[in-house]
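What follows is a short report on a single structure.
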Amino acid sequence: MVRVRFAPSPTGMLHVGALRDALFKSLFAQREGGQNVFRIEDTDRSRYNADSESEFVETLRWVGIEFDEGPHIGGPFAPYRQSERKEAGIYAPLAEELMARGHAYKAFETSAELDEMREFQQINKMPTGYFGGAWRDATPEQVDAAQAEGKPFVIRQRIPRDTKIVIDDVVRGRIEWDSNTVDDPVLIKADGMPTYHFAAMVDDHLMQITHILRGEEWISSAPKHALLFDAFGWERPIFCHCPVIVGSDGKKLSKRHGATRVLDYMAQGFFPHALKNFIALIGWSPGDDREAMTMPELIGAFELKGIQASPGRFDFEKLRWLNGNLIRSLTPQDILDAILELLDHPHAQAYWENFVDEPMPNQVPVDGKVVWSRLELIRTKFAEDPELVLAAIREEQPRVHTLVEFGEAVEFFLVDQPVMDEKAVSKWLTQPHVPALFAAIVANPPAPDLPEADIRNHYDAVLRAFAADNGFDKLGPVVHPTRVALTGKTVGPGLFELMAILGPERIAARLAKWL
RNA sequence: GCUCUGGUCGUCUAGCGGUUAGGACAUCGCCCUCUCACGGCGAAGAUCGCGGGUUCGAAUCCCGUCCGGAGUACCA
């Protein structure tokens, strides 16, 4: 039975890199019919953030990644928080056992002494790290004496000397180290808390984790971890070090590459599936040309051998394409539901209320409050005229990449008078035939109670007739002014389609000021 | 510095000794057309980081080299 674990440290928000981690594990577990465990690695008191765990749970729930066991759902290996496991006395006896077997020892250096040692190593261009210090080979008497003085101590792992350490990584194959280059890591800190090196490996064994999937930043400490399993006489899990996601400049993903917080993508109107589909494709491929995939397809195709060794860049444009692609496959009702859900999400509102756009040369900065109010207009208008809102969404679907973009795209359908693009006004509404054109449109409303398609054809005929009667051989001169007067813009859905949706009353009201 | 690790179109990738090096995003053009999109078609874009080998034949195997990245904490 395959068992994997997603074990973040609750120090802040759930970012894109962690999502990749969680997603790969989830896909792998599902593909193999295995289990996915959620564990909280809160062994660092100083970095602990009380809101972090709930953010993780909320984000994972939004994105649709589920677990079989975890602190929020329980399970046979509870507790799933390492701080609680420490209180339950899980780690200390195992550290004792390791010392009894000679694989660990107490070290009494102060952090000041350690700093000094590191500085010395750096100055002398030596490898930095604890390769023995004063305590690796201390006699029992020395240890007893130090302890009798009440000196604080840590427990360190005793890495064997003059040997080769080999691990077999699923992604990179055989990796080996000269054990003399691996220093003795701290297993138990002076406050009695285990370090990651100890707690994670102990828990992985105790929780029967079969595959350690994690980011490549862990490769360096993999030999320590492998040795720990060996020291206990435990079977080593399979190591699989995945490539990381980097920003557009090849450096570690950070805020300056756009959002790193997963919930911000929710706030921007991305679908969980688009995000998962996109993230899955960074660092992994199904082995063929498939890109836009359903969840069952992703799960069915997810094999460890499809994982890439090289880091991948986060290409925001491709995410947008995937999301737009998904939007186009949905019904207007699906989309509306998603917009309504977004409007109800407290984080989405907070995101836009506090949104501060980065200043860009010759570009009007985005006003988050305006973005949000446009979205709210969809909800309020839907309450009074659902047909109109759904039709508007249907027409804008091919043009939109995120849910939030519907706010701006659909606005002209919903307001009494659209916001006018002044350049478009001066170009199209100043032409001499415009008043006569608009008068003809207003004078020829469609018959009442016609189906939408017939209204569309009615306006098509009216405009074509006007064009023919006035010597225009193309539709442009009649279509463009009408579009500008009706929508305020030069771009948008087909004119006749949008006229059919607007209906004769709204059309007359909007054309009136140009007659 | 030391240790590990990576390197195919701008980006994500396919490729596993013999391919005109394939696809997707982005870019450009054409078609559709009332605009913008969508969709369709097409173009441009990769001497497979570089240099040596091995081989009849190398992106694919070997060695070296260069350039990235990660780790080098009583953080994870």
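Just so it is clear, the model here is predicted, and its values are computed rather than measured. Just so it is clear: chains get the letters A, B, ... in the order the sequence lines come, proteins before strands, and each one is counted from 1.
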Under 4.0 Å, counting only non-hydrogen atoms across every strand here, what does [X] touch: a base, just sugar-phosphate, or nothing?
| X | result |
| --- | --- |
| A:Met193 | nothing |
| A:Gly492 | base |
| A:Arg214 | nothing |
| A:Gly283 | sugar-phosphate |
| A:Glu176 | sugar-phosphate |
| A:Phe314 | nothing |
| A:Thr490 | base |
| A:Glu497 | base |
| A:Arg290 | nothing |
| A:Gly287 | sugar-phosphate |
| A:Pro185 | nothing |

Nearest-nucleotide check on RNA chain B, A:Ser310 vs A:His480; residue mapping nearer the 5' end is A:Ser310
Would you kindly compare A:Lys305 and A:Arg456 by the position of their nearest RNA chain B nucleotide and give the one closer to the 5′ end?
-> A:Lys305
Using 30° and 60° as the class limits, which term best fits the ring planes of A:Phe229 and A:Phe239: parallel, tilted or perpendicular?
-> perpendicular
Does [X] get its side chain close enough to the base of [N], under 3.5 Å, for a donor-acceptor pair?
| X | N | result |
| --- | --- | --- |
| A:Lys318 | B:rA26 | no |
| A:Arg399 | B:rC36 | yes |
| A:Arg483 | B:rC34 | yes |

Which whole number of Å gives the distance between the P atom of B:rG29 and that of B:rA37?
-> 11 Å
Expressed as a whole number of Å, how far does the P atom of B:rA14 sit from that of B:rG49?
-> 14 Å
With the side chain of [X] defined as its heavy atoms from C-beta on, choose the nearest nucleotide among [options].
| X | options | result |
| --- | --- | --- |
| A:Pro398 | B:rA14, B:rA37, B:rA24 | B:rA37 |
| A:Asp289 | B:rC34, B:rU13, B:rG23 | B:rG23 |
| A:Trp321 | B:rU35, B:rC12, B:rA26 | B:rA26 |
| A:Trp177 | B:rC4, B:rG6, B:rC34 | B:rC4 |

Any A:Arg328 side-chain nitrogen or oxygen under 4.0 Å from OP1 or OP2 of B:rG39 | yes
Phosphate contact (B:rA14 OP1 or OP2) by A:Ser285 side-chain N/O below 4.0 Å = yes
Assess, by modelled atom type and distance only, whether the side chains of [X] and [Y] contain a donor and an acceptor separated by less than 3.5 Å.
| X | Y | answer |
| --- | --- | --- |
| A:Thr331 | A:Asp334 | yes |
| A:Asp203 | A:Tyr91 | yes |
| A:Lys224 | A:Gln157 | no |

Protein heavy-atom contacts under 4.0 Å, written 5' to 3' over nucleotides 70-76 of chain B as B (base), S (sugar-phosphate only) or - (none), form the string SSSSBBB
For a side chain to side chain donor-acceptor pair (under 3.5 Å) with A:His401, tell me which candidate from A:Arg328, A:Glu317, A:Arg320, A:Gln268 qualifies.
-> A:Arg320
Side chain to side chain donor-acceptor pair (under 3.5 Å) partner of A:Tyr130, chosen from A:Arg156, A:Glu109, A:Arg118 = A:Glu109
More than 12 heavy atoms of other residues, nucleotides or ligands under 6.0 Å from CD of A:Gln431: is that the case?
-> yes
So, A:Asn323 side chain and A:Phe271 main chain: donor-acceptor pair closer than 3.5 Å or not?
-> yes
